[in-house]
Protein chains: 2
Amino acid sequence: MKKKRVSIKDVAREAGVSIATISYVLNNKKGESISDETINRVREAIKKLNYVPNLSARSLVSKRSNLIGVVIPQAEAGKEFMFYNPFYGEFLSSVEYEARKKGFHLLISGTEADQKYIQVAQNRGLDGIIIVGIYPDSFFQELKQCQIPIVLVDSYCSDHYFHSIGINDRHGGYLATKHLIEKGHRKIAFISGMVKENGVNSNRLLGYKDALEEYGIDFDEKLLYLGDTNFEYGIKAGARLANSKNGETAAFATADILAVGVIKGLKENGLRVPEDISVVGFDDVYLARITDPSLTTVRQNIAEKGRQAAEIIIQTIENEIKEKRDIILPVDIVERDSVKDIN
Amino acid sequence: MKKKRVSIKDVAREAGVSIATISYVLNNKKGESISDETINRVREAIKKLNYVPNLSARSLVSKRSNLIGVVIPQAEAGKEFMFYNPFYGEFLSSVEYEARKKGFHLLISGTEADQKYIQVAQNRGLDGIIIVGIYPDSFFQELKQCQIPIVLVDSYCSDHYFHSIGINDRHGGYLATKHLIEKGHRKIAFISGMVKENGVNSNRLLGYKDALEEYGIDFDEKLLYLGDTNFEYGIKAGARLANSKNGETAAFATADILAVGVIKGLKENGLRVPEDISVVGFDDVYLARITDPSLTTVRQNIAEKGRQAAEIIIQTIENEIKEKRDIILPVDIVERDSVKDIN
DNA sequence: TTGAAAGCGCTAACAG
DNA sequence: CTGTTAGCGCTTTCAA
């Protein structure tokens, strides 16, 4: 049995004032001015009784939960998070930190069925939601009904209702490919997870093509290796690449976790990186510095992405911004040891 | 302005019954039996109105929030999570999955000051808390006051109040060291983060000593490299190791993330792994398979740890278990490519 | 400057 | 089998 928690009433009794007064000093309303003396008396009572406000009660009346939902993609429907990709951990870490500083908590959750999440959002009275990744359009449409501020991260959903934050994926793909081309590579494999239309990967592919075109290199379907964005597929792609008859001398993998798998797959098949094949990744997660060779990759500022996602959602909740925000964070290429100059 | 949400009253009106009836079918109380016809009528009304219960209201009266708090260590006080160590991501992923299946949500949060978290727990009416890592004893003592079910993960707090789940760290340390010894190594560095008394690392160190003793090898303080459990310190330790005058031929790092840093530091200083120095890690996170060489390491089942942590806390919440649980998950050594047999 | 009182949406006796 | 009702702890008019 839980011990009975001390409520605002107890504090009121202790301080010899009404519960309204307690509420006022708690929220230090500007409208209601309370005498310093009363404030002190209340403060003391609160401290003495060890009073902690009940947020359920508060949110019941104020319609504010101070809770932000974070939706992270799952490996498969109804499965665990994709946390083996360090990107999500790094992102979440940053969101949580920013939210905490502003007095918000994070409710994290995968999504059984997309429908279900909307229920959760309403159940819990989420003040805002940060959604990472791409989901069926129907999900976004339903989400709009909730009237909850939402930030979409790395989604190319163009709906005017949502805030969005992402990077210039196309430019990133371009930079990666161009870097490789400038190092003398012409046959460049493109290795990626699902290329959903108008998604992160499809834009990176566009950038890849941009660079090819700029340098007068013909695009070759056969150099596309499409699977899943995970380590295992990277290995598979690396193995295929090692035995390819297409003469690739380099590969652009659209995620570091993939790139690292590619390197592994390559090595397992007797090829060295970068001596035999050069590899460029994407994201610049922690991993990129950890592996050997360390990874030349397209850097995006993951922490900043998380920070801004949190900031935008909170500002919207607090009515500090009313208009829609669309943020594109810069990318650049960071050269490490996985690319060889073959000029 | 948020559109007014439909409440239980609206459903009652729609279905032509009282709000109590709605509540009954919602919670399908065994005590109260409702006629099938009414149930159906209510169900339809719910569907028609798109009614979603308000959990704040519910938890206000029922004292149940269906929220589980997860406390994850931070890099430094008031900073981001230690999510660069993949251990936490993998753990959290598993906890969330299990909790979600059972209808619970996760509130994740770092802890500004330890005090603050207790406030959060009370603020939100957390039904249970999963705490990963070691905290000051005063924190645990205060936590007890809350009367909330708590599972401690990887803590050696012996307080009878808490459930605990962990692994046999000492045995793990023993296995790692023994493995190295059996491969012919005698000068084995012990590389670790802080060795807090009665913590995970101190137990692993105990196991290290056990193995040494078993094989009649003298323990040598000089082979201890103590810093932080992160990649950077691993590099530093690896560098020191490479220039050591102590003749180490192997190292046991108490976390994979550390081990991977060690390998990096070694390589940067011209040594090869495992040819020149063998390395054993601990955890068997995803990373261990990713790096080159892949890491021989002490495996613990992180997903299972998360699953059981969630299971225990939920069973306690639902009063399915009343007694205290202390779970020790097994460890074993998984041989990969970072150890050389020098016999 | 403070207090009384009306709910927020829901559960759980208790009646009928 | 179903409805009435009294709160849960808090915010917020409105009055004093």
Side-chain angles (χ1 to χ4, degrees), chain A residues 1-43 45-46 49-66 119 122-127, chain B residues 1-43 45-46 49-66 119 122-127:
Chain A
M1 282 296 89
K2 273 170 197 151
K3 213 187 306 180
K4 216 163 116 273
R5 284 261 312 279
V6 358
S7 88
I8 203 173
K9 268 189 206 156
D10 305 308
V11 182
R13 194 177 318 114
E14 174 73 25
V17 298
S18 78
I19 61 166
T21 305
I22 310 294
S23 178
Y24 293 146
V25 349
L26 243 35
N27 304 294
N28 61 163
K29 286 284 179 188
K30 48 215 100 194
E32 329 284 334
S33 35
I34 311 282
S35 70
D36 285 354
E37 201 223 309
T38 310
I39 292 186
N40 282 331
R41 214 137 35 87
V42 170
R43 290 245 170 84
I46 287 179
L49 266 39
N50 231 304
Y51 166 72
V52 176
N54 178 326
L55 293 193
S56 290
R58 176 178 295 175
S59 81
L60 183 57
V61 18
S62 71
K63 267 88 189 72
R64 276 266 313 243
S65 63
N66 269 51
Q119 294 229 7
Q122 307 199 127
N123 269 330
R124 297 282 179 194
L126 298 183
D127 286 340
Chain B
M1 286 296 90
K2 273 170 198 154
K3 212 187 306 182
K4 215 164 114 269
R5 285 260 311 279
V6 358
S7 87
I8 204 173
K9 270 190 203 153
D10 305 308
V11 182
R13 195 179 317 114
E14 175 72 26
V17 296
S18 79
I19 60 165
T21 306
I22 309 294
S23 178
Y24 294 147
V25 351
L26 242 36
N27 305 295
N28 59 165
K29 286 282 179 188
K30 46 214 101 197
E32 329 283 335
S33 36
I34 312 280
S35 72
D36 286 355
E37 201 222 307
T38 310
I39 291 185
N40 282 331
R41 214 139 33 90
V42 171
R43 291 247 169 82
I46 288 179
L49 265 40
N50 232 304
Y51 165 73
V52 176
N54 179 327
L55 293 192
S56 289
R58 176 176 295 173
S59 78
L60 185 56
V61 18
S62 71
K63 268 87 190 69
R64 275 268 310 242
S65 62
N66 271 52
Q119 294 228 5
Q122 307 199 126
N123 268 329
R124 298 282 179 194
L126 298 184
D127 286 340

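Residue numbers start from 1 in every chain, and the chains themselves are labelled A, B, ... in the order their sequence lines are given, proteins ahead of strands. As a basis for the values below, the full set of heavy atoms in this structure was taken, side chains included, without hydrogen atoms, waters or symmetry mates.
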Q: With sequence neighbours left out, write down each residue that passes side-chain hydrogen bond (donor to acceptor under 3.5 Å, both in side chains) with B/Ser7, or none if nothing qualifies.
A: none
(Q) Below the 4.0 Å mark, does D/dC10 have OP1 or OP2 next to a side-chain nitrogen or oxygen of A/Lys9? (A) no
Q) Axis-to-axis angle across the helix from C/dT1-D/dA16 to C/dG16-D/dC1, five pairs an end, to 10 degrees? A) 40°
Q.
A/Ile46: which residues meet the side-chain contact (heavy atoms from CB on, under 4.5 Å) condition with it, sequence neighbours left out?
A. A/Val11, A/Leu26, A/Val42, A/Tyr51
Q) Sequence neighbours excluded, which residues qualify as salt bridge (Lys or Arg N to Asp or Glu O under 4.0 Å) partners of A/Arg41? A) A/Glu37
Q. Among all residues two or more places apart in sequence or in another chain, which pass the side-chain hydrogen bond (donor to acceptor under 3.5 Å, both in side chains) test with B/Ser62?
A. none
**Q.** For A/Arg43, all residues meeting salt bridge (Lys or Arg N to Asp or Glu O under 4.0 Å), sequence neighbours excluded
**A.** none
Q: Using heavy atoms to find the nearest nucleotide of DNA chain D for B/Arg41 and B/Leu60 separately, return the residue whose nucleotide is more 5′.
A: B/Arg41
Q: Find the distance A/Ile8:CD1 to C/dT2:P and express it as a whole number of Å.
A: 15 Å
Q: Kindly state which residues belonging to residues 49-59 of chain A come within less than 4.0 angstrom of DNA chain C, counting heavy atoms of the residue only, listed by number.
A: none
Q: Return the set of residues passing side-chain hydrogen bond (donor to acceptor under 3.5 Å, both in side chains) with A/Glu14 (not counting sequence neighbours), or none when no residue passes.
A: A/Lys48
Q. Under the side-chain hydrogen bond (donor to acceptor under 3.5 Å, both in side chains) test, which residues partner B/Asn54, sequence neighbours left out?
A. none
